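All values derive from a computational prediction rather than experimental measurement.
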Amino acid sequence: MSNDIYIDDIAEPRHSDLQKMALEYGETLETVLDREDILNEAKETTGLNDFGSFDFIERLDLLCSEWGDDEGLSGIGRLSLRNKLVLFACSRLLIEDKIKQHPEILDEKIDRPIIVAGLPRSGTTHLLNLMAADSRLRSLPLWESYEPVSMTGEAMLDDGTDPRYKRCADSWEMMQQMTPHLAAMHPMDPDHIHEELELMGPDFASYNFEWLCTSPRWRDDYYSKDQTPHYEYMKKVLKLLQWQDRQAGKAKSRWVLKCPQHLEQLTVLQTVFPDATIAVTHRDPVSVIQSSVTMLGYGQRMSRKQVQTQGLVDYWADRIEHLLQACVRDRGKLSDAQSIDVPFDVFMADDLAMVDKIYAKADLDMNEKAKAELQTFIDDHPRGKHGRMIYNLQEQFGVSREQLAERFGFYYQQFPVKRESK
């Protein structure tokens with residue numbers, strides 16, 4: 001039986017009975033996106049009231065305003081966005097409280113991290129998860145990225161499971177029921193190694209909000225602001241996580257991290273993590289856009305009243321171009337001794353060999369144990385394990401690959417990117 005997946009109802013979804021029930025339920029809700037309402041719920045949930053610096057208020061207000069004015073959101077989509085904001089507000093309270101109780105957290109050193117930067121859908125996720133299989137390296141599983149600090153007074157479940165893990169697992173189970181093809185595009189199970197960008201969420205910062213909902217006003221404000229303070233905030237939360245590891249007697253000496261946003265923040269990344277080794281992935285941006293808008297369009301069958309096929313292509317073609325223009329501008333500013341380019345086709349041809357090259361840059365020995373751990377991950381996670389996505393930009397989104405490719409000549413000329421045909 002073929003394991004190929006082609007979504008032939010992107011623009012006009014054929015909803016399952018379960019999806020219809022969820023959408024109908026969402027329309028019965030009156031979800032208000034209001035800053036004070038969100039912050040008050042976070043206070044009541046955690047029993048805390050100190051958010052630290054209030055410089056995040058302007059950013060939270062912008063999100064509430066832009067998303068609140070978006071009449072195209074479904075009821076379930078609006079509820080999901082509000083829940084995300086409440087979760088970030090709760091985490092901010094818990095983070096501030098933990099550091100207030102243990103100021104020594106700020107003395108932790110994030111030592112020589114290995115950081116992957118590259119376009120979304122360009123192999124960054126596989127590269128991160130592969131290196132995370134090396135037991136010497138500390139990585140960030142999804143469940144911990146969503147809730148870096150335990151809820152006040154919350155105990156482990158009877159079977160020893162962290163309640164945060166259980167909440168993430170329950171969310172993933174529901175997500176698979178609502179959008180069953182998601183696992184083939186981007187697994188979001190609790191153990192999946194996630195992006196540290198999530199740790200900027202409690203600071204109500206980063207381009208992550210654009211993935212949750214098309215947000216041009218948020219994007220333009222993000223463009224206009226220095227992102228260094230938000231990277232410093234993220235680093236603070238990494239220190240907290242490392243300190244928690246130390247208290248549990250399981251601290252590791254080095255982190256492996258990744259995020260596509262870093263591609264347009266390379267100088268900021270280098271400033272905040274001056275001893276990092278940075279691996280920059282490269283893939284044909286047309287394939288990146290194709291994969292991204294298909295994933296987002298598929299998700300919009302639940303979050304929006306009408307899927308924005310043309311809007312998604314326009315928004316993300318522009319967004320990807322901005323990431324690549326910044327990469328072309330700043331890639332040469334990284335130290336050769338601390339950076340390496342990772343062409344997608346070369347990585348896919350021999351992923352273990354590419355990790356070996358990255359380790360050499362990072363002065364990390366590829367010993368026999370590490371090689372075995374990485375090989376086990378490769379064997380257990382063959383490409384297309386959850387199904388192989390079949391794409392058709394022209395049929396699904398009304399645009400050809402050739403049309404999109406025209407705007408990326410500057411990038412093809414600068415880097416060894418293999419042009420893909422499908």
Open item on the list: Whether Arg283 and Glu420 form a salt bridge (side-chain N of Lys/Arg under 4.0 Å from carboxylate O of Asp/Glu) is what I want to check.
Closed with: yes
- [ ] Find out whether Gln261 and Ser206 are in side-chain contact, i.e. whether some heavy atom of one side chain is under 4.5 Å from a heavy atom of the other.
- [x] yes
Task: Residues Arg138, Glu108: salt bridge by 4.0 Å N-O rule - done: no
Open item on the list: Students often mix this up, so state it plainly: with edges at 30° and 60°, are the rings of Phe209 and Trp67 parallel, tilted or perpendicular?
Closed with: tilted
Task: Steps toward side-chain hydrogen bond (donor to acceptor under 3.5 Å, both in side chains) verdict (Gln265, Tyr207) - done: CA-CA 11 Å; Gln265 302 292 339; Tyr207 96 144; over 6 Å; no
Which pairs would a plain distance check flag for residues 363-371, meaning a side-chain donor or acceptor within less than 3.5 Å of a matching protein atom at least two apart in sequence or in another chain?
from   : atom 1 : to     : atom 2 : distance (Å)
Asn367 : OD1    : Lys369 : N      : 3.2
Asn367 : OD1    : Ala370 : N      : 2.7

- [ ] Determine, step by step, whether Glu195 and His262 satisfy the side-chain hydrogen bond (donor to acceptor under 3.5 Å, both in side chains) criterion, reporting the C-alpha distance in whole Å, the side-chain angles of both residues, the deciding distance to 0.1 Å, and the verdict.
- [x] CA-CA 11 Å; Glu195 300 173 2; His262 299 332; over 6 Å; no
TODO: Taking the six-membered ring for Trp and the single ring otherwise, decide whether the centroids of His381 and His126 are under 6.0 Å apart.
DONE: no
Task: Ring geometry between Tyr298 and His181 (parallel below 30°, tilted from 30 to 60°, perpendicular above 60°) - done: tilted
Open item on the list: In terms of relative ring orientation, are His282 and Phe415 parallel, tilted or perpendicular, with 30° and 60° separating the classes?
Closed with: parallel
Task: Test: Lys305 and Glu27 ion pair at under 4.0 Å - done: no
Task: Donor-acceptor pair between Gln176 and Trp172 side chains, under 3.5 angstrom - done: yes
TODO: Determine the minimum heavy-atom distance between Ser135 and Lys252, stating which atoms define it.
DONE: O-NZ, 3.0 Å
- [ ] List in chain and number order the residues that pass ring pair (Phe, Tyr, Trp, His ring centres under 6.0 Å) with Tyr233, two or more places apart in sequence or in another chain; answer none if no residue qualifies.
- [x] none
- [ ] State whether Arg92 and Asp203 are salt-bridged, where the test is any N-O pair (Lys NZ or Arg NE/NH1/NH2 against Asp/Glu carboxylate O) under 4.0 Å.
- [x] yes
Open item on the list: Can you confirm whether more than 12 heavy atoms, excluding those of Lys166, are under 6.0 Å from its NZ atom?
Closed with: no
Open item on the list: Would you call the rings of His192 and His186 parallel, tilted or perpendicular, taking 30° and 60° as the class edges?
Closed with: perpendicular
Task: Glu198 and Lys84 ion-paired at < 4.0 Å - done: yes
Task: Closest heavy-atom pair and its distance - Ile7, Met389 - done: CD1-CE, 3.9 Å
Open item on the list: Looking at every non-hydrogen atom in both residues, tell me the closest pair between Gln290 and Tyr391 and how far apart they are.
Closed with: CD-CB, 3.2 Å
